[in-house]
Number of protein chains: 2
Amino acid sequence: MTRNQSANANRPLTLRDVSEASGVSEMTVSRVLRNRGDVSEATRTRVLEAAKTLGYVPNKIAGALASQRVNLVAVIVPSLGNLVFPEVLAGITEVLDETPLQPVFGVTNYEPDREEKVLYEMLSWRPSGVIIAGLEHNEAARAMLKNAGIPIVEIMDSDGDPVDAMVGISHRRAGRQMAQAIVEAGYRRIGFLGTKMPLDHRARKRFEGFTEAMAKEGLEIVDQEFYDGGSALVKGREMTQAILSRTPDLDFLYYSNDMIGAGGLLYCLDQGIDVPGQIGLAGFNGLRLLDGLPRKLATMDACRAEIGREAARIIAEHAGDEAGGGERIVLKPKLQLGDTLKRRTAR
Amino acid sequence: MTRNQSANANRPLTLRDVSEASGVSEMTVSRVLRNRGDVSEATRTRVLEAAKTLGYVPNKIAGALASQRVNLVAVIVPSLGNLVFPEVLAGITEVLDETPLQPVFGVTNYEPDREEKVLYEMLSWRPSGVIIAGLEHNEAARAMLKNAGIPIVEIMDSDGDPVDAMVGISHRRAGRQMAQAIVEAGYRRIGFLGTKMPLDHRARKRFEGFTEAMAKEGLEIVDQEFYDGGSALVKGREMTQAILSRTPDLDFLYYSNDMIGAGGLLYCLDQGIDVPGQIGLAGFNGLRLLDGLPRKLATMDACRAEIGREAARIIAEHAGDEAGGGERIVLKPKLQLGDTLKRRTAR
DNA sequence: ATTTTGTATGTTATCGCTAACACCCAGTTT
DNA sequence: AAACTGGGTGTTAGCGATAACATACAAAAT
């Protein structure tokens, strides 16, 4: 059998096939398909037609190897079930859509080893940039990010040192701010409800900021409750019941996220508890879900979409560079008092 | 300057660097890194050490081109904001984690043109398989799927003809089943609330199945209400208010998804409406979110995780093949009556 | 008419890796 | 002792595209 490739009918198409079908060189076909260089209108149409008829799909693997350019942006987040991250991804996509860059998503489940693995896999495709959630990574991951030679943007958090660029909010500050608002409204016996995940560093930092600001006012958290796994809404109910039956005289409950906060709110309303008169409530994230609840939960917006957009912008501006320019953007989340953070009675 | 590559200190590392650092050929390094072929324990350790010290990350682009193998699975879904899809992705990831395959996610926003583009981009990386939501695609996308020469699994829906393999549920049947349950419980004046999206084919099919089964009972939908955009929970409230003020004597509301259903439930409870005595309610999806609501909304499980797992299994079993074997898996969603679909008073 | 331009196209040499095969040599087997 | 193993390693030739340079040719400038 000769080297005639048409022997195998089912082999994937290459530039050569289009080239033969349209009677020009592979190079010209390549130029047409990429809109690069000068090609006469006549050949351009002929080539495009041939490509379409054959159903040719370019092989980016070969293209990337030859051009040393890969228009992918690795985006690594801990979870998709959180609702926060899909919004960040939406922001990223929105901006990258205006560019030749394309995001590729990876999920770590909050596990550092998995993050390392996902990062390694993604870097081995030589992307044009990396957007990764958080500032905490294991040593290997950190080393990879440092040596990658491409723009890196660490997102969501600003409490720490980024490898390169950074876009996020200060969760410590968010925690402090919420504590101040709560104390200012006159609440004193404050309980905390959060997740057990030691690896959710942002939740941890909010907690730290919260207790720190309380301490400044001479207050301590009276009781606390942690959970892991399961539906957050129902967990919020259960935890609220647990903490209130243990410590009935609490006058405020601070939840580490809106989902468990919403569960807590529903529980309190079910129990006929006067919110926010008897007990005040607050969460974190500014989920739009909250708008539909019977009462609007106090919360703070985590600036999700904007974080995504800014991160994507930085990557786009530095695509092809060896780094992202070390830009640091710290967004300021807005406190939303809603209906659940105000003393009806003066203190 | 000679061809000595070490001239540029910041050039990305290649096999050659590791080869030189460890004193063996590039081929041997490649073998070590891929765990393929026989390599003595001594060289293996030496090579691994060199690779680690240098911080070498293999170039999969070159590897894939040379081996004609790409261990990526393209996963294309309409949205990530829906909560349904992240769960499907989790199912896929769970199964692929046991294999050398890696999922890559793409999002279409329910737009056929975008789907075509995303698919094209992904196919140009020559993945080992495609998992794509829905059976409806535009002509170009359909052609690409047919000619891709790799396993294709269309998921979520079973009402239609797949290109290759298929894993899903029948949304028509789901709609019918819900209608029957509602009628059986004695409800007669039934309203429908759904999304305006003409491109959410699965929601459309549920609606069709629903009206069809109603017709068989000699019933028609008394009133209906549609929405687009915005937070589903708050929309559910608004729509419910709208439909009830227009047609106060409705005795059942069927929502096309759980999110708006939950909003409707909260509205009814706020208004002191007797649910399910005066008005019954039902949604669709079986979101775990519902567990935390004051009352459990009637719904149907969409088998999200299982769909993901099965689709991934099919891809894994056929990786390297020219197609996915045309397997068709139709899952049966379970009806969950919850607390909102039962007449307190006999009919 | 000759040179100059610039557009339109082709040719050649990689890109970094792996398949396939070639090779070498110590330890059997005959 | 010659022939055969088979583990351990190297060599060669692509994979399918693109960068960079080379070439052809018509129109414009001299």
Side-chain angles (χ1 to χ4, degrees), chain A residues 3 5-6 8 11-48 50-51 54 56-71 100 123-127 149 320, chain B residues 3 5-6 8 11-48 50-51 54 56-71 100 121 123-128 149 320:
Chain A
R3 188 147 161 25
Q5 303 193 307
S6 65
N8 176 4
R11 158 194 51 84
L13 297 164
T14 72
L15 267 192
R16 156 166 249 114
D17 297 292
V18 185
S19 143
E20 280 169 3
S22 53
V24 298
S25 73
E26 300 176 37
M27 196 59 224
T28 301
V29 177
S30 170
R31 280 195 267 256
V32 170
L33 264 29
R34 285 178 301 148
N35 272 312
R36 198 141 304 183
D38 301 305
V39 182
S40 73
E41 200 44 44
T43 45
R44 154 166 270 107
T45 356
R46 204 141 41 89
V47 167
L48 285 177
L54 293 174
Y56 172 73
V57 177
N59 186 331
K60 286 216 174 164
I61 296 179
L65 184 61
S67 68
Q68 301 283 59
R69 240 177 286 124
V70 183
N71 287 331
L123 285 182
S124 72
W125 288 102
R126 301 286 187 270
Chain B
R3 190 148 159 23
Q5 302 193 307
S6 66
N8 176 2
R11 158 195 51 84
L13 297 165
T14 71
L15 267 192
R16 157 166 248 114
D17 297 292
V18 184
S19 142
E20 281 169 2
S22 52
V24 297
S25 72
E26 300 176 37
M27 196 59 224
T28 300
V29 177
S30 169
R31 280 196 266 255
V32 170
L33 265 30
R34 286 179 298 147
N35 271 313
R36 198 139 305 183
D38 300 305
V39 182
S40 74
E41 201 43 44
T43 44
R44 153 166 271 107
T45 355
R46 204 140 43 87
V47 167
L48 285 177
L54 293 174
Y56 172 73
V57 178
N59 186 330
K60 286 216 173 163
I61 296 179
L65 183 60
S67 68
Q68 301 281 64
R69 238 176 288 123
V70 182
N71 287 330
E121 293 287 328
L123 286 182
S124 73
W125 289 101
R126 301 285 188 269
S128 293

May I ask you to decide if [Y]'s main-chain N or O and [X]'s side chain share a donor-acceptor pair within less than 3.5 Å?
| X | Y | result |
| --- | --- | --- |
| A:T28 | A:V24 | no |
| B:S67 | B:G63 | yes |
| A:S124 | B:V57 | no |
| B:S22 | B:V18 | yes |
| B:T43 | B:V39 | no |

Taking only the side-chain heavy atoms of [X] (C-beta and beyond), determine which of [options] contains the nearest atom.
| X | options | answer |
| --- | --- | --- |
| B:S30 | D:dA17, D:dG10, C:dT18 | C:dT18 |
| A:T43 | C:dC15, C:dT9, C:dT18 | C:dT9 |
| B:L65 | C:dT18, D:dG16, C:dA19 | D:dG16 |
| A:T28 | C:dT9, D:dT9, C:dG16 | C:dT9 |
| B:M27 | D:dG10, C:dG16, D:dA19 | D:dG10 |
| B:A66 | C:dA19, C:dG16, D:dA19 | C:dG16 |
| B:T14 | C:dG16, D:dT11, C:dT18 | C:dG16 |

Practice task
Go through the side-chain N and O atoms of A:R44 and A:S40 and say whether any donor and acceptor fall under 3.5 Å apart.
Solution key: no
[X] has an atom [atom1]; how far is it from atom [atom2] of [N], in whole Å?
| X | N | atom1 | atom2 | value |
| --- | --- | --- | --- | --- |
| B:L13 | C:dG16 | CG | P | 11 Å |
| A:N71 | D:dA17 | CG | P | 16 Å |
| A:N59 | C:dC15 | CG | C1' | 13 Å |
| B:R69 | C:dA19 | CZ | C1' | 9 Å |
| A:W125 | C:dC17 | CH2 | P | 13 Å |
| A:E26 | D:dC15 | CD | C1' | 12 Å |
| A:L15 | C:dT11 | CG | P | 15 Å |

Fill in the blank from the handout: B:R69 meets the side-chain hydrogen bond (donor to acceptor under 3.5 Å, both in side chains) criterion, sequence neighbours left out, with none
Is [X] near enough to [N] that one of its side-chain N or O atoms lies under 4.0 angstrom from OP1 or OP2?
| X | N | result |
| --- | --- | --- |
| B:R126 | D:dG16 | no |
| A:Q68 | C:dG16 | yes |
| B:S67 | C:dT18 | no |
| A:Y56 | D:dA17 | yes |

Exercise for the section: Within residues 34-42 of chain A, find the residues that approach DNA chain D with a heavy atom at under 4.0 Å, and present them sorted by residue number. Expected result: A:R34
Completion exercise
On DNA chain D, more 5' by nearest nucleotide between A:V57 and B:G23 is B:G23
Completion exercise
Distance col, row A:L33:CG vs A:Y56:OH, nearest 0.5 angstrom, shows 6.0 Å
Problem - Polar side-chain contact A:R31-C:dG10 base: donor and acceptor under 3.5 Å - result: yes
